[in-house]
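Heads up: the structure comes next, in structure tokens.
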Amino acid sequence: MTEEVISMEGRVENLLAAREKIKLGGGQARLDKQRAQGKLTARERVAALLDEGSFQEVGLFRRNRTTTFGMDKADMPAEGVVTGTGTVLGRPIHLASQDFTVMGGSAGETHSKKVVEMMMGALENGTPFVFVNDSGGARIQEGIDSLSGYGQVFYANVLLSGVVPQISIICGPCAGGAAYSPALTDFVIQTRKAHMFITGPSVIKQVTGEDVTQDALGGADTHQQISGVNHFVANDDAEAILIAQKLLSFLPQNNDEAPPIMETEAPVAYDPEIGAIVPVGGKQGYDMRDVIYRLVDDADFLEVQADYAKSIIVGFGRVNGRSVGIVANQPSVMAGVLDINSSDKGSRFVRTCNAFNVPIVTLVDVPGYMPGVAQEHGGIIRHGAKMLYAYSSATVPLITVVLRKAYGGAYLAMACRDLGADKVFAWPTAEIAVMGAEGAASIVFKREIDGADDPAAKREEKIAEYRDTFSTPFVAASRGLVDDIIDPGETRLKIANALELLAGKRKHRPAKKHGLGPV
Ligand code: HXC
């Protein structure tokens, strides 16, 4: 009996059919269900993220080797995770996108191996890694093999950390230990249809008796406003993907490169209006974003953790085409004070910029570190120290502009000269002092004020005397702690100029295994 030989054409036809079948994931009904929830499918997310036609899939035909609980008979297209490479705005990335239609996107041994292979590809080839999460967590049927697989994802997350940008997009469930992979990455983008938690509502009910909904426990707004776990909230998958694309545009491919310089026609010119945003005198608030929008090209500012610890603003923009990370006090929220959470947020961002060679522009209007028992007991000393540590360790260009208040330890913490700022500019309204004039006068001249015929008048006189002496930028400039006192209208020009000048900055630190920064 002669065996029928299938022609090349026939084989290709079979291959294409097999591919198409696998690409249907968990089948039409499950795909429809996913779409009905207003979500994209795993493959649609990949297509939306990457430049058209650039996706090169890896591992479409991979299969797990598990035999327990009927896994040998289970249909597991692509092992429940779409992996491969492609380009975003012309630059290559490695990615993984969990397919919830295949056994809930659950992560078994081979599923995680596929993810890790992409991560190692990113590491070896110096490209960003993007992981789209939509999964019921460890694949229960595979027992500890799935745990082991996820352990390898965590390990790879840490290997990649600080070498290539890692972005997590959370589009569905991300529960239990699985939530620790995003936590190990640089940026977490969560959609309003996604939930992240270590223990879900039913377990919490059993253990603590508390009733809580998934949204309240681990929805996108919860993690944006309360926990600080995510960096961006998106209404849906498409918006999350746009954020990821934009974020990548500010970053280099890896820590050996500088961020890309964008062509721009945004004018770098004197700005006659910027100075009027900041009210003279210490008391009135204003929105620091109005200053930022005027400093960055085309008012284009990608704010990170916009609704968390809002007394500090962090985010990315460009000045004359060059990426900058902006760290700025927000005087309209608690007068721009540095507290536990804003120190965590600010220092983390400084470290992120430093890891990826993004120069930092620091805009200062800070009354101090937050006083109070709750802050002291919460460890403001430990948390506040993170700002000092982050800036002092930073070797990227540091450009600091003092707009108004810069008091005490918080002045030091906001990238002062002594912590390594390369350029420090002050507006004429800057008050660089050990503390506010009112507090200072009350302490230093207490006896004189108490003994005066008119203590209130004496107090005002002493406040004015202290302010005239110390609460100006001139003393700081005379000591070289400020390079120049500038007309606010010149600020964008000065920053653009400094960025050009500092583009080749090289700063070496003593060799060590790693520092012991406060955590
Ligand atoms: C295997 C799973 C699974 C899992 C879901 N599925 N999670 N299969 N392992 N972990 C399967 C379901 O059986 C179902 O299969 C399909 O995926 C869709 O799940 P549904 O429950 O129908 O979907 P939905 O109602 O949307 O609920 C989603 C869910 C729920 C909230 C994620 O499935 C769930 O609670 N899953 C278990 C979560 C969990 O406890 N995971 C382990 C945590 S331990 P069919 O065939 O019906 O379509 C852990 C340790 C950390 O994660 C290790 C790091 C990963």
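We count ligands from 1, going down the list as the structure has it; atoms in each ligand are counted the same way.
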Sort out the contact shell of ligand 1: every protein residue with a heavy-atom distance below 4.0 Å, listed by chain and number. Arg30, Phe100, Met103, Gly104, Ser106, Gly136, Gly137, Ala138, Arg139, Ile140, Gln141, Leu147, Tyr150, Pro173, Ala175, Gly177, Ala178

Whether the side chain of Gln245 engages the backbone of Leu49 through a donor-acceptor N/O pair (distance < 3.5 Å, no angle test) should be reported. yes

Treating His231 as the side-chain partner and Val188 as the backbone partner, does any N or O pair qualify as donor plus acceptor under 3.5 Å? yes

Does Arg318 make a cation-pi contact with Phe250 (under 6.0 Å, within 45 degrees of the axis)? yes

Any salt bridge (Lys or Arg N to Asp or Glu O under 4.0 Å) involving residues 153-179? Give me the pairs, sequence neighbours left out, ordered by first then second residue. none

Solution key, residues 112-123 side-chain donor-acceptor pairs under 3.5 Å, sequence neighbours excluded:
| residue | atom | partner | partner atom | Å |
| --- | --- | --- | --- | --- |
| Ser112 | OG | Gly108 | O | 3.3 |
| Lys114 | NZ | Gly59 | O | 3.0 |
| Lys114 | NZ | Ala78 | O | 2.9 |
| Lys114 | NZ | Val81 | O | 2.7 |
| Glu117 | OE1 | Arg62 | NH1 | 2.8 |
| Glu117 | OE2 | Arg62 | NH2 | 3.1 |

Qualifying side-chain hydrogen bond (donor to acceptor under 3.5 Å, both in side chains) pairs with a residue from residues 155-166, counting only residues at least two apart or across chains: Asn157-Gln166, Asn157-Ser181

